[in-house]
Amino acid sequence: MTIEIMALPNHEWAVQVPQADGTDVTYHKVRVEPEAAVTLDISDEALLVRKAVEDYLAHASPTTLPHDLTIDWLRRNVPSVLDDLSTRLA
């Protein structure tokens, strides 16, 4: 499954996630709080968003991903999603 991301203003990203069967797409807006990027030691927001959403989708259906979310939401609600993410992206 290939997700598509597009930069929006103010550290926000539009994310399109195709369903596994290819019949539908879900749309999401992900905000990267500057503190989260600093805490995770990741400067490439596009890569952070892509990997965080991909990790989430490895554990859950795209339909369970909220329309509007933040990286902090992912960290709080799915702790394993961002485990060692900064190490893998380094």
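Side chains included, hydrogens not; waters and symmetry mates left out as well; all remaining heavy atoms used. Numbering of residues begins at 1 and proceeds along the displayed sequence. Remember, it's a predicted structure, so these values are computed and weren't measured experimentally.
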Hey, are the side chains of [X] and [Y] touching, using non-hydrogen atoms and a 4.5 Å cut-off?
X   : Y   : result
T26 : L65 : no
I3  : L57 : yes
W73 : D68 : no
T2  : P18 : no

Legend entry - Qualifying residues under side-chain hydrogen bond (donor to acceptor under 3.5 Å, both in side chains), relative to T63, sequence neighbours excluded: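 If we apply the side-chain hydrogen bond (donor to acceptor under 3.5 Å, both in side chains) test to T63, skipping adjacent residues, the hits are S61.
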What's the spacing between [X] [atom1] and [Y] [atom2] if we round to 0.5 Å?
X   : Y   : atom1 : atom2 : result
H28 : E12 : NE2   : CD    : 14.5 Å
R50 : E4  : CZ    : CD    : 8.5 Å
L74 : K51 : CG    : NZ    : 14.5 Å

Inset, instruction - Please check if the side chain of R31 supplies one atom and the backbone of N10 the other of a donor-acceptor pair under 3.5 Å. - result: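 A pair under 3.5 Å: yes.
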Legend entry - H67 side-chain N/O to K29 backbone N/O, donor-acceptor pair under 3.5 Å: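 A pair under 3.5 Å: no.
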Inset, instruction - Could I get the full list of side chain to side chain contact (heavy atoms under 4.5 Å, CB included) partners for A7, not counting sequence neighbours? - result: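 Only W13 meet the side chain to side chain contact (heavy atoms under 4.5 Å, CB included) criterion with A7.
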Legend entry - Closest approach of L69 to P66 (non-hydrogen atoms, all atoms of both residues):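 Residues L69 and P66, closest heavy atoms: CD2-O, 3.1 Å.
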